[in-house]
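Let me begin by presenting the structure, written as structure tokens, before commenting on it.
Small disclaimer: the values here were computed from a predicted structure and weren't measured. Here is the naming used below: chain letters follow the sequence lines, and residue numbers restart at 1 for every chain. Computed from heavy atoms alone, side chains included, the values below leave out hydrogens, waters and symmetry copies.
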Amino acid sequence: MGREFSTLFYKETLRFWKVAFQTVAAPVLTAVLYLLIFSHVLDNHVRIHDVPYAAFLIPGLVMMSVLQNAFANSSSSLIQSKVTGNIVFVLLAPVSYQSFFLAYVLAAVLRGFVVGVCVLLVTLWFAPMQFVAPWWIFVFAVLGGAVMGSLGVVAGIWADKFDQLAAFQNFLIMPLTFLSGVFYLIHSLPSFWQNLSHWNPIFYMIDGFRFGFFGVSDVSPWQSLAVGSFSLSVLSAFTLVILRRGYKLRA
Amino acid sequence: MAASVAIRVHGVSKHFGALKALDEINLEIPQGEFFGLLGPNGAGKTTLISTLAGLTRPTAGKISVMGYDVQTDYRQARRQLGVVPQELVFDPFFTVRETLKIQSGYFGVKHNDAWIEEILENLDLTSKANANTRTLSGGMKRRVLIAQALVHRPPVIVLDEPTAGVDVELRQTLWRFIRRLNSDGHTIVLTTHYLEEAESLCTRVAMLKAGQIVLLDSMDNVLRQVSSHTLRVKLDGAPPAGLALTGESSGAWYAMPFRQFDEIEPLLARLREAGCVVREVEIGKPALEDVFIRVMQSGDVAVSA
């Protein structure tokens, strides 16, 4: 893991930073709008985990931002490079597939992290927040970002056109993140949806992440950590295999 | 001592479904050569280059660059190779200098600023170094692509139609620079549709047709194959019968191929005797284009080392 990795990571980071208005500021605004609307409607009526609804919602929104932006970073960078053809610059270079994978995923984690921190800082204004177990917050942010960054690599490589990527985003990423307890407690769902949610790895990421704030969760953070790590391992292995084979990248 | 081999292509085939884009290609390019890869569109030139660069995996066969196999030892092989792709691609997020620094990093090259400046200067890009690549004209983008291929000082440089749609000035700048690199010992592989370019630059050529090499020889030998010069005369009136003159559709011009210059005088004498007035005379040298057309039209395969 040498200079080609650090350069590709730097390039991926510089890429989103150069358009930070679109890649950081825009998702922060979206998250704040969610918070304003939901907390205005529900704050006086709903308390979860013994905190006001707005306080409950904030970690969910932060994590959702981390996840969606991590996915967006690797997937949109790859599809743009493929459509414009400049992916060839990396393909012609002696960049190993492991370096390629790690650079794209870590840049995705970083973008998710930056957006997440910004969302948190802005939303702190709207509700008092506790940080019971900061390490869990950090661990799940990285884990969630890595899972989504890796999924973004798969989607970016698989999609030939922007609309295919949009379909991936709308029909897989959005349902996975929305039906994961961002806005509500899983316990409040009918049992069918509760059971279904337990098959959604994103649910564990958000549940574990929220545990870091309030010290309460649906399942043990250790179980969430296990599910998250397992998902990341499987997904990374799969992504590395398709990269090694040159799927859709090398004819 | 035999010159060591820069590129070795051994029994390489590439099939896309039923299409044989490359059909058992064998080729060796010694170090320091200026090699031309010619052929009509779809002959397999770009596929061969892609296979060399690791962008395409061969169905069969092996390729090595400076002794490194492009598949099993791909990282070493790619460090030896600088490829200028045919498509005019660029990354719209970065400036020219950023692009070149990033490309250096991909090849593991540190502290490359001096060489980057030298490349920029040689390609007349210095004034555009801080411009975003998106804002450059087509010719400028082409220069950036060439610069990118050179950041890691590769011993082997492959140019896939570098002068397609490029103005005269850039062509001259480019060829001056590439010739210098060649005389410094870099091996150059060039594909082009401009045959005069290949003729003046390349020391050896391969002609590809439908995925096969149909001719492989030194430029001198190739030109000797056509051997004949052409005498072209513009006449008042029709020439006498019995002369080996062929009329051209353009009217009063007639042409005759010849091998020795002393064949000219008797011909002119016959014309004078027949009362033809010669208005203009041109002598055409044997051109690569003549060989190219002949090779592409005939089916015969004439491969010699």
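By the 6.0 Å contact criterion, OH on A:Tyr10 is open, its count of non-hydrogen atoms from other residues, nucleotides or ligands being 12 or less. B:Arg180 CZ: more than 12 foreign heavy atoms inside a 6.0 Å radius. Around atom NZ of A:Lys18, more than 12 heavy atoms belonging to other residues, nucleotides or ligands sit under 6.0 Å away. Within 6.0 Å of CD on B:Glu24 lie no more than 12 heavy atoms contributed by other residues, nucleotides or ligands. Around atom CD of B:Glu87, no more than 12 heavy atoms belonging to other residues, nucleotides or ligands sit under 6.0 Å away. In this structure, A:Phe230 places its CZ atom where only 12 or fewer heavy-atom neighbours from other residues, nucleotides or ligands lie under 6.0 Å away. At most 12 non-hydrogen atoms from other residues, nucleotides or ligands lie less than 6.0 angstrom from CZ of A:Phe238. The environment of B:Lys141 atom NZ is dense: over 12 non-hydrogen atoms of other residues, nucleotides or ligands sit within 6.0 angstrom.
Between B:Phe94 and A:Leu14, some side-chain heavy-atom pair lies under the 4.5 Å cut-off. B:Asp91 places a side-chain heavy atom less than 4.5 Å from the side chain of A:Lys11. In this structure the side chain of B:Tyr106 never reaches within 4.5 angstrom of the side chain of A:Leu92, judged on heavy atoms.
In plain terms, the two heavy atoms of A:Asn86 and B:Pro92 that are nearest each other are ND2-CD, 3.9 Å. Across all non-hydrogen atoms, the minimal contact from A:Leu91 to B:Leu55 is CB-CD2, 3.5 Å. Of all heavy-atom pairs spanning A:Val88 and B:Pro85, the tightest one is CG1-CG, 4.4 Å.
With chain B as partner, the option from A:Pro94, A:Ser96, A:Ser99, A:Ser81 having the largest number of non-hydrogen pairs under 4.5 angstrom is A:Pro94.
Proximity of a side-chain donor or acceptor of A:Arg250 to a complementary backbone N or O of B:Thr56 within less than 3.5 Å is not detected. Under the 3.5 Å distance criterion, the side-chain polar atoms of B:Arg78 are matched with a main-chain donor or acceptor of A:Ala93. A donor-acceptor distance shorter than 3.5 angstrom exists from the side chain of B:Gln103 to the backbone of A:Phe89, with no hydrogens or angles considered.
For a residue to count as touching a neighbouring chain, one of its non-hydrogen atoms must lie under 4.5 Å from one of that chain's; by this rule B:Leu81 does not touch chain A. When heavy atoms are compared at a cutoff of 4.5 Å, B:Gln76 does not approach chain A at all. In this structure, chain A has heavy atoms under 4.5 Å from both the backbone and the side chain of B:Phe107. If you measure heavy-atom distances from B:Lys14 to chain A, the contacts under 4.5 Å come from the side chain alone.
Looking at A:Glu4 and B:Arg79, no side-chain N of the basic residue comes within less than 4.0 Å of a carboxylate O on the acidic one, giving no salt bridge.
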